[in-house]
Novice: 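Please find one structure pasted underneath; my questions will follow.
Side chains are part of it too, since the values below use all heavy atoms of this structure and drop only hydrogens, waters and symmetry mates. Lettering follows sequence order; numbering is per chain, from 1.
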Protein chains: 2
Amino acid sequence: MIDVTTQASPGSESRIRLSRERVLRAAVAVADERGIESLTMRRLAEVLGAEAMSLYYHVSNKDDLLDGVVDLVGREINEAVADPPVTGGGWKDIARRRILTAREVLLRHRWAPAVFESRTAASPEVLRYLDGLLGIMRGGGFSSDLAHHAMHALGSRAFGFTQELFTPAGAAPPSPDALDHMAAQLPNLVAMLRDISHDDPDSTLGWCDDQAEFEFGLDLVLDGLDRLRGTR
Amino acid sequence: MIDVTTQASPGSESRIRLSRERVLRAAVAVADERGIESLTMRRLAEVLGAEAMSLYYHVSNKDDLLDGVVDLVGREINEAVADPPVTGGGWKDIARRRILTAREVLLRHRWAPAVFESRTAASPEVLRYLDGLLGIMRGGGFSSDLAHHAMHALGSRAFGFTQELFTPAGAAPPSPDALDHMAAQLPNLVAMLRDISHDDPDSTLGWCDDQAEFEFGLDLVLDGLDRLRGTR
DNA sequence: ACCTGAACACCGTTCAAGT
DNA sequence: ACCTGAACACCGTTCAAGT
């Protein structure tokens with residue numbers, strides 16, 4: 001299952017040496033396969049064929065482990081973004097493609113956005129990614145001031161994710177019966193859902209297309225920034 | 001300290017009865033005063049002058065507790081938003097003021113955004129808030145389709161918060177010396193910071209104004225939506 | 001230099017028992 | 001109906017000790 005699991009068989013003499021890199025890679029693998037809540041020092045050690053206490057020789061504590069994990073994912077983003085070097089198009093197209101590439105990486109690590117947000121220390125790889133984005137804006141003629149605002153306005157969207165707040169991913173919309181029941185307290189929400197299912201009957205299964213919604217919001221912000229670019 | 005702490009003095013006979021409402025209010029108070037990481041079942045019980053196990057009669061588990069806490073904060077937002085009823089101005093002004101009011105509430109509960117994001121169940125109060133926002137858009141002539149996209153595009157910004165990603169709140173910018181050191185790896189970031197501190201020397205202490213940046217991003221999105229309103 | 005065992009101070013939660 | 005004590009299966013982390 002986990003390729004990092006290469007642990008010593010019960011009776012074997014030597015096991016692979018630990019290292020910070022190996023610990024961090026195993027942590028990503030554990031989070032990918034069993035979810036972030038399964039990423040405990042004890043389980044991580046188990047996967048590595050070691051004792052929990054051994055990890056503390058390579059990371060100073062769990063916070064440091066998570067900092068390292070974020071940096072590793074940041075590196076993966078930077079590699080993906082550098083792979084086929086982005087060329088052609090204006091700043092907006094370049095930024096757009098870069099952000100959607102970052103998104104692809106984060107979709108492979110669905111737990112990562114929450115961990116990104118929990119960190120307070122700045123990951124060098126993440127800074128490198130943001131520096132690149134800033135370079136794209138500078139190339140597009142942004143002033144430092146506007147570029148600064150732009151980074152804040154993008155927020156986590158710069159990495160390809162936003163917090164979905166009222167739609168458990170892939171949820172089915174309420175049934176007509178349920179809608180009738182909700183109509184009194186949530187008239188506008190119900191009216192909207194009715195309209196949408198009327199216009200597009202197919203939407204009855206998982207009516208929110210996360211990718212499309214992400215791109216809609218991203219374009220809204222990028223277009224807005226592009227317009228301001230001329231004026232400040 | 002905590003007004004909900006009204007616990008029985010050591011030898012007293014009767015203590016105030018617990019209730020779901022009282023448990024939830026105490027949970028908010030604990031999170032406000034000691035941080036969300038201090039909100040454990042055991043400590044919450046202590047603050048209420050009860051045993052941890054007693055809480056389970058009023059909430060089914062910690063997840064349910066947090067769901068309740070989100071709903072309580074949602075109620076506080078709805079009350080703040082309803083207080084001086086919003087009148088006058090176009091949909092954009094009304095939505096803007098409402099969102100900034102929600103933001104004020106969340107600034108009183110700095111731990112709340114993270115808890116909001118961790119929840120998967122839909123809080124009735126949160127849904128009520130979103131329904132209101134939807135009503136404002138409908139009043140502004142939004143189609144159901146555009147209103148749907150708009151809610152996704154706003155995301156957590158609808159509640160008055162966004163994830164800050166590269167600025168630990170209130171952090172001082174790097175010193176000129178530190179900038180020199182970073183320049184090789186992060187040229188664009190360093191150039192931007194130098195420009196900003198040159199234009200505005202005062203910015204040397206905490207150069208990111210969270211409120212201003214929030215409003216910048218909010219206006220960018222609201223303006224973009226307003227423009228689309230005419231066309232779809 | 002690298003890894004470990006035993007131990008500590010915490011968690012959330014169950015279950016049977018008290019009033 | 002409401003609350004509790006003892007107990008279980010976990011956490012992250014320390015410290016002194018092994019190789």
Novice: Rounded to whole Å, please give me the gap between CZ in B/Arg22 and C1' in D/dC3.
Specialist: 13 Å
Novice: Salt bridge or not for B/Arg75 and B/Glu21, using N-O below 4.0 Å?
Specialist: yes
Novice: State the pairing partner of C/dG12; accept Watson-Crick or G-U wobble contacts with both distances under 3.5 Å, and report none otherwise.
Specialist: D/dC8
Novice: Can you tell me how far the NZ atom of B/Lys62 sits from the CG atom of B/Leu44, to the nearest 0.5 Å?
Specialist: 9.0 Å
Novice: How many Å lie between CD on A/Glu51 and P on C/dT4, as a whole number?
Specialist: 5 Å
Novice: Would you please test A/Phe159 and A/Tyr129 for ring-ring contact (aromatic ring centres under 6.0 Å, His included) and show each step?
Specialist: CA-CA 9 Å; A/Phe159 298 101; A/Tyr129 174 78; 5.3 Å; yes
Novice: In whole Å, what is the span from the CG atom of B/Leu55 to the C1' atom of D/dC3?
Specialist: 10 Å
Novice: Pairing check on D/dT19: which nucleotide meets the Watson-Crick or G-U wobble criteria with it, both distances under 3.5 Å?
Specialist: C/dA1
Novice: Salt bridge between A/Arg42 and A/Glu51, side-chain N to carboxylate O under 4.0 Å?
Specialist: no
Novice: Could I get a table of every N or O pair under 3.5 Å where one atom is in the protein and the other is in nucleotides 11-14 of chain C?
Specialist:
from, atom 1, to, atom 2, distance (Å)
C/dC11, N4, B/Arg42, NH2, 3.4
C/dG12, OP1, B/Met41, N, 3.4
C/dG12, OP1, B/Lys62, NZ, 3.0
C/dG12, OP2, B/Met41, N, 3.1
C/dG12, N7, B/Arg42, NH1, 2.4
C/dG12, O6, B/Arg42, NH2, 3.1
C/dT13, OP2, B/Tyr56, OH, 3.0
C/dT13, OP2, B/Lys62, N, 2.8

Novice: Rounding to an integer number of Å, can you tell me how far A/Tyr57 OH sits from D/dG18 P?
Specialist: 18 Å
Novice: Looking at B/Leu189 and A/Asp131, what are the two nearest heavy atoms and their distance?
Specialist: N-OD1, 2.6 Å
Novice: Just how far is it from atom CD of B/Gln211 to atom CG of B/Leu218, taken to the nearest 0.5 Å?
Specialist: 9.5 Å
